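First the structure, which I've put down as C-alpha cells, then a few questions once you've had a look.
Below, read A as the first sequence line, B as the second, and so on, with proteins coming before strands; counting in each chain starts at 1. Keep in mind it's a predicted model, so treat the numbers as computed, not measured.
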Amino acid sequence: MIRLFDTLRREVVELRPRTPGEVSLYVCGPTVYDVPHLGHARTAVTYDVLRRYLTWRGVDVKMVSNITDVDDKIIARAAEEGSSEADVAARFSDVYVRELEALGVAAPDERPRATEYVDEMVSFTAELLARGVAYVIDGAGVYFDVGRYPDYGRLPGRSPEGLLEGAGARVAVDDRKRDPLDFALWKAAKEGEPTWDAPWMPGRPGWHIECVAMALGLLGDGFDIHGGGSDLIFPHHENERAEAEAAGRRFARLWMHSAMVNVEGEKMAKSAGNFRTLADVLAAQDPRALRLAMLQAHYRTTIEIDEAALASAAAGVQRLDAFARRVGALGAPGGGSGAAPTPDCGEARAAFAAAMDDDLGTPAAVAAIFDLARWGNVRLDESDAVGAIEALATVQELCGALGLEVGPTGRADEDDGRDAVQRRVDERDAARRARDYATADEIRSELATAGIELEDTPAGTVWRRVR
RNA sequence: GCAUCGGUGCCCGAGCGGACGAAGGGAGCGGCCUGCAAAGCCGUCUAUCGCGGGUUCGAAUCCCGCCCGGUGCUCCA
C-alpha cells in the first residue's frame, strides 16, 4: 500500500488510483523565460522518483508535465532582448529539457506546451462563462468569479478573507472585478503581444487555465495526482482547482507539493536574484551527487544545496560506485548466476519498499541501499562472489528505482588513452614484482597527476580516470 | 498581521508515544588488509533531540508557553 501526503487533506493518505494498477500524474513544469535553477531540479527529481518508484512497484504510470510558453515574463524577456516570445520560449525550453535529462530525469509521457492548447482553453473559458462562474470585463479580459466557488481557499488552508489580508495592499486591484480575488482566465490583447482570437475579445490565456485544459485533456477527469512545487499551492493550484470544479469537472484526486531549495537560509528564486543554475552544478559535479543530495532529505522539507552538501553526496555516490568496481574486479560471470536472492537482499528490498511506500521516504530508502552495499562489501571480503554479485544487482535495481545509476565509473576499457596508461600500469606491476617500490610509486604518482587512480586488488591492478 | 513548516551529533539529515540503548551519508580518530597506498571492513568520537512547563507506566515524538529561523498571503518549481 502506497501512502502519500495530500496537500488538500493535510495528511498522509492511501493512494487509491482511479483505475487500479494505473496512476495518472500531472506535474506543473516551468515557465521558460530563463535557465533552470536548482529549484526546478528538485521538483523534477521529486516527481521523477515518484514515477520511477511507482513503475518499480508495478504500477503503470502515465505522466504529463507541461511547459508554460506564453506568459508576462516571456514577453518581457523577448522585449528586453529584442527577440520574439517564441524564440525565448523555444530556447529556454530546450535548455530545460536538456539539463533535466543530464540530471537523469526521464522525459514525461507527454510534455504539452500552453500554446498548443489555446483552443481548449478558449472552449473551457466559454464553458465557465456559460455556467455563470466567469464574467467579461470589456477591454480587460475574462475573470473567474471566486464568489461562485464556495470551496475557494481550502487547498492553501485559508478562508477567502484570510487570503485577502496583507495581499490587497500589495497588488493594484482592478475595481471592475467583483472580488479582489477574482483572477484572469483570458487577458485582452495588448500591442505587440502574442494574441489569439476568442469570442469575447482577442488576447491570450491566463496562467492557470492552461494546466486545467492540459491535465483534463490528456489525463481525463478525476486523474490521480497533481504535483508541483509548494510555491504553486496558491494561487496557481487553487485557481486550477476552482476553474475545473466550478465547471463541474472532477479534478485531481491527490495534491502533492515538493518543498523549496534555499540558498544561505533563504528561498532560492529568480526574483530574489540568489538562484544557482542547474548548469553551474552540472558543470562542477557528478549529476548523481545532486540527485543523492536531494534524496537524502524528504521531499517535503526545505533543503539547502551548498558545496558541502554536494561534496558529501558525491562521496556517497563514489562509495556505491566503488562497490560496483570491486564486484566488477571479480571478473563476474554476468548476472546473479541464477542463485536465489540471499536473505539480506530481500531485507534490503523490503526496507526500501516500506520506506518508499510511506510518503516517498527516500532518506530511509537510501539508507537501506547503503546498508546493503556494506553487506555486499563484507561478502566480498569473505570471498562470497555469489552474494556480492547479488547484492550489487539489488543495489543497482533499487538505485534505479530512484533514478540513480550506479556502476564502475571512469572505466579503463572505455578510456581513450587506455593503451598508454595500461603500459605504465604493467610497468609498475613489473616493478612491484621485482620489489622495486621506488619505481612503482613513481609511476603511481605520475599517473595520479594525470588523473588516473590505481587500486591494487587480488585480481590485479585496476585503474580508472577520476578527472 | 494572518497562515504554515521547522529547530536532532563536527556537518548534512531520518525518526514523530514503547527493541531511540536516536537511521543513513559526509568529516575525524584507532585497528585490520596493503610493500606503502587506494578501496573495503571493524571499532570509535562528538546528541541533556531549541528553552520552560504539562500529559503518560513511558516523549525526540502529544499538549501549553516562550525564543529563533524558513515559507505563503495573486512573480515563483
Side-chain angles (χ1 to χ4, degrees), chain A residues 10 27-31 33 36-44 46-47 71-73 156-159 161-171 173 180-184 207-208 227-236 238-239 257-262 265-272 275 292-293 295-298 300-306 308-319 321-323 325-326 329 351 355 361-371 373-374 376-378 380-382 432 435-437 440-441 444-445 448 453-458 461-462:
Chain A
R10 263 161 256 292
V27 179
C28 278
T31 298
Y33 68 96
H37 56 58
L38 291 182
H40 297 103
R42 162 111 106 149
T43 300
T46 297
Y47 297 101
D71 161 89
D72 291 348
K73 291 191 172 176
R158 308 291 308 277
S159 62
E161 307 78 60
L163 285 167
L164 226 38
E165 268 177 54
R170 298 176 31 176
V171 180
V173 174
L181 289 171
D182 291 352
F183 53 90
W207 177 28
H208 324 296
S230 63
D231 52 353
L232 297 183
I233 294 173
F234 188 85
H236 188 49
E238 184 60 339
N239 289 355
H257 292 95
S258 50
M260 300 291 99
V261 174
N262 277 186
E266 305 233 307
K267 177 183 152 189
M268 161 160 39
K270 292 176 183 176
S271 54
F275 67 94
L292 215 216
L295 293 175
Q296 284 183 313
H298 186 83
R300 285 193 286 115
T301 71
T302 305
I303 49 169
E304 177 110 21
I305 298 288
D306 53 21
L310 250 15
S312 167
V317 168
Q318 278 156 26
R319 189 151 149 241
D321 281 346
F323 172 47
R325 207 183 325 122
R326 286 188 84 200
T362 56
V366 167
I369 290 172
F370 276 100
D371 280 340
R374 175 177 303 110
N377 270 131
V378 171
L380 236 24
D381 288 345
E382 294 176 356
R432 288 177 68 220
R435 300 193 182 282
D436 178 5
Y437 297 121
D441 290 349
R444 182 168 63 195
S445 66
E453 210 162 75
L454 303 186
E455 271 180 51
D456 298 325
T457 77
T461 300
V462 176

- Identify which nucleotide among B:rA77, B:rC76, B:rA39 has an atom closest to any side-chain atom of A:Glu455, counting heavy atoms from C-beta outward.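 Given the options B:rA77, B:rC76, B:rA39, the side chain of A:Glu455 is closest to B:rA39.
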- Just how far, in rounded Å, is C1' of B:rG13 from CG of A:Asp306?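 These atoms are roughly 13 Å apart.
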- Item | Nearest-Å distance for atom pair CG/C1', residues A:Leu232 and B:rC75 |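 Roughly 11 Å, once rounded to whole Å.
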- Message: Contact between A:Ile305 and A:Met268 at the side-chain level, heavy atoms closer than 4.5 Å - yes or no?
- Response: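 They are not in side-chain contact.
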- Query: Which value, rounded to the nearest 0.5 Å, describes the distance between A:Met260 atom CE and A:Thr43 atom OG1?
  - Reply: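 Spacing of CE (A:Met260) from OG1 (A:Thr43) equals 5.5 Å.
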- Just how far is it from atom CG of A:Leu295 to atom CZ of A:Arg42, taken to the nearest 0.5 Å?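 Rounded to the nearest 0.5 Å, the CG-CZ separation comes out at 10.0 Å.
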- C1' spacing across the pair B:rU34 / B:rA59, given as an integer number of angstrom: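 Nearest-Å result for B:rU34 against B:rA59 at atom C1': 49 Å.
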- Item | Euclidean distance for P, B:rA19 against B:rA37 (whole angstrom) |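 Rounded to whole Å, the distance is 43 Å.
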- Query: Rounded to the Å, how far apart are A:His236 NE2 and B:rU74 P?
  - Reply: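 Between P of B:rU74 and NE2 of A:His236: 16 Å.
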- Task: Answer whether the closest heavy-atom distance between the side chains of A:Gln318 and A:Arg325 falls below 4.5 Å.
- Result: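 A side-chain contact under 4.5 Å is absent here.
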- Nearest-angstrom distance from the residue atom CZ of A:Arg325 to C1' of B:rG40: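 The distance from CZ of A:Arg325 to C1' of B:rG40 comes to 11 Å, rounded to the nearest Å.
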- Message: For the C1' atoms, the ones on B:rG72 and on B:rG58, what distance do you get once it is rounded to whole angstrom?
- Response: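 That atom pair is separated by 38 Å.
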- Message: From CZ of A:Arg42 over to C1' of B:rU71, roughly how many Å is that when rounded to an integer?
- Response: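 Value for this atom pair: 12 Å.
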- Counting any heavy atom closer than 4.0 Å, what does A:Ala309 reach on the DNA or RNA strands: base, sugar-phosphate only, or nothing?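 No contact at all - A:Ala309 keeps every heavy atom at 4.0 Å or more from the nucleic acid.
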- Select one nucleotide: of B:rC41, B:rA39, B:rC73, the one nearest the side-chain heavy atoms of A:Val378.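 Nearest to the side-chain atoms of A:Val378, counting from C-beta on, is B:rC41.
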- Item | Minimal non-hydrogen separation, A:Gly229 against A:His257, with atom names |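 Heavy atoms only, the tightest pair is O-CD2, 3.4 Å.
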- Message: Give me the distance, rounded to whole Å, that separates B:rG65 from B:rA23 when you measure between the P atoms they each carry.
- Response: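 Looking at atom P only, B:rG65 and B:rA23 are 32 Å apart.
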- Enter the distance from A:Glu238:CD to A:Leu181:CG here, rounded to the nearest 0.5 Å.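 The distance works out to 10.5 Å.
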Pull out every protein N or O sitting under 3.5 Å from an N or O of nucleotides 32-36 of chain B, one pair per line with the distance.
{"from": "B:rG35", "atom 1": "O6", "to": "A:Arg428", "atom 2": "NH2", "distance (Å)": "3.4"}
{"from": "B:rG35", "atom 1": "O6", "to": "A:Arg432", "atom 2": "NE", "distance (Å)": "3.3"}
{"from": "B:rG35", "atom 1": "N1", "to": "A:Asp441", "atom 2": "OD1", "distance (Å)": "2.9"}
{"from": "B:rG35", "atom 1": "N2", "to": "A:Asp441", "atom 2": "OD1", "distance (Å)": "3.4"}
{"from": "B:rG35", "atom 1": "N2", "to": "A:Asp441", "atom 2": "OD2", "distance (Å)": "2.6"}
{"from": "B:rC36", "atom 1": "O2", "to": "A:Arg444", "atom 2": "NH2", "distance (Å)": "2.4"}
{"from": "B:rC36", "atom 1": "N3", "to": "A:Arg444", "atom 2": "NH1", "distance (Å)": "2.9"}
{"from": "B:rC36", "atom 1": "N3", "to": "A:Arg444", "atom 2": "NH2", "distance (Å)": "3.3"}
{"from": "B:rC36", "atom 1": "N4", "to": "A:Asp456", "atom 2": "OD2", "distance (Å)": "3.1"}

- Query: Taking the same atom, C1', in B:rC45 and in B:rG31, what whole-Å distance lies between them?
  - Reply: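 Those two atoms are separated by 15 Å.
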- Task: For A:Asp231, answer base if it contacts any base atom (sugar-phosphate contacts may also be present), sugar-phosphate if it contacts only those atoms, and nothing otherwise; contact means non-hydrogen atoms under 4.0 Å.
- Result: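 Base contact.
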- With sugar-phosphate meaning primed atoms plus P, OP1 and OP2, does A:Ala322 contact a base, only sugar-phosphate, or nothing at under 4.0 Å between heavy atoms?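 Touches sugar-phosphate only.
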- Message: Can you tell me how far apart CG (A:Asn239) and CG (A:Leu232) are? Round to the nearest 0.5 Å.
- Response: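 Atom-to-atom, A:Asn239:CG and A:Leu232:CG are 11.5 Å apart.
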- Item | Separation between the C1' atoms of B:rC2 and B:rA60, rounded to whole Å |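 Straight-line distance between the two C1' atoms is 30 Å.
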- Task: Would you mind reading off the distance between A:Arg158 atom CZ and B:rG1 atom C1', rounded to a whole angstrom?
- Result: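 Rounded to the whole Å, the gap is 10 Å.
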- Report which part of the nucleic acid A:Val27 touches: base, sugar-phosphate, or nothing (heavy-atom distance under 4.0 Å, all strands).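 Counting heavy atoms under 4.0 Å across all strands, no contact is made by A:Val27.
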- Item | Whole-Å distance separating the CD1 atom of A:Ile305 from the C1' atom of B:rC11 |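 For the pair A:Ile305 CD1 and B:rC11 C1', the rounded distance is 14 Å.
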- First encountered from the 5' end of RNA chain B, between A:Thr457 and A:His298: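 This one resolves to A:His298.
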- Name the closest nucleotide to the A:Lys73 side chain, picking from B:rC75, B:rA77, B:rG40.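 Selected nucleotide: B:rC75.
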- Quote, to the nearest angstrom, the P distance that separates B:rG9 from B:rG50.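 Each nucleotide's P atom is 8 Å from the other's.
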- Task: Using a 4.0 Å heavy-atom cut-off across all strands, classify A:Ser230 as base, sugar-phosphate, or nothing.
- Result: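 Answer is nothing: A:Ser230 stays at 4.0 Å or more from every strand.
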- Task: Please examine the side chains of A:Phe323 and A:Leu380, heavy atoms only from C-beta on, and report whether any two atoms are closer than 4.5 Å.
- Result: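 Of all side-chain heavy-atom pairs linking A:Phe323 with A:Leu380, at least one is under 4.5 Å.
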- Taking atom C1' in both B:rU55 and B:rU8, compute the distance separating them and give it to the nearest angstrom.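 Result for the C1' pair: 23 Å, nearest Å.
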- Counting primed atoms, P, OP1 and OP2 as sugar-phosphate and everything else as base, the B/S/- map of nucleotides 17-25 of chain B against protein heavy atoms under 4.0 Å is ------BSB
- Interatomic spacing from CZ in A:Arg444 to OG1 in A:Thr461 - rounded to 0.5 Å: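 Taking CZ in A:Arg444 and OG1 in A:Thr461, the distance rounds to 9.5 Å.
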- Task: Look at all strands and tell whether A:Gly39 reaches a base, only sugar-phosphate, or nothing, counting heavy atoms closer than 4.0 Å.
- Result: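 Since a base atom lies under 4.0 Å of A:Gly39, the category is base.
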- Go through B:rG40, B:rA77, B:rG13 for me and flag the one nearest to the A:Thr31 side chain.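 That would be B:rA77.
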- Looking at side-chain heavy atoms only, is the closest gap between A:His208 and A:Phe183 below 4.5 Å?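 Side-chain contact under 4.5 Å: yes.
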- Message: If you compare all heavy atoms of A:Ala259 against all heavy atoms of A:Ser230, which two are closest, and at what distance to 0.1 Å?
- Response: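 Closest approach of A:Ala259 to A:Ser230, heavy atoms only: CA-OG, 4.0 Å.
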- Item | Rounded interatomic separation in angstrom, taking CZ from A:Phe234 and C1' from B:rC76 |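 After rounding, the reported distance stands at 14 Å.
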- Query: What closest approach, in Å, do A:Ile303 and A:Ala297 show between heavy atoms, and which atom pair accounts for it?
  - Reply: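 Of all heavy-atom pairs spanning A:Ile303 and A:Ala297, the closest is CG2-CB, 3.3 Å.
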- Task: Quick one: stems involving RNA chain B, counted as three or more successive Watson-Crick or G-U pairs, both distances short of 3.5 Å.
- Result: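 Stems (3+ consecutive pairs) listed as B:1-7 with B:67-73, B:10-12 with B:24-26, B:28-32 with B:40-44, B:50-54 with B:62-66.
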- Message: Rounded to the nearest 0.5 Å, what separates atom OG1 in A:Thr457 from atom CZ in A:Arg326?
- Response: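 Answer for the OG1-CZ pair, A:Thr457 versus A:Arg326, is 9.5 Å.
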- Tell me whether the OP1 or OP2 atom of B:rG70 has a side-chain N or O from A:Asn262 closer than 4.0 Å.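 Checking B:rG70 against A:Asn262, no side-chain N or O comes under 4.0 Å of OP1 or OP2.
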- So which one's nearest nucleotide on RNA chain B is more toward 5', A:Asn239 or A:Ala311?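 So the residue in question is A:Ala311.
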- Query: What heavy-atom pair brings A:His40 and A:Pro30 nearest, and what distance separates the two atoms?
  - Reply: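 Closest approach of A:His40 to A:Pro30, heavy atoms only: CD2-CB, 3.8 Å.
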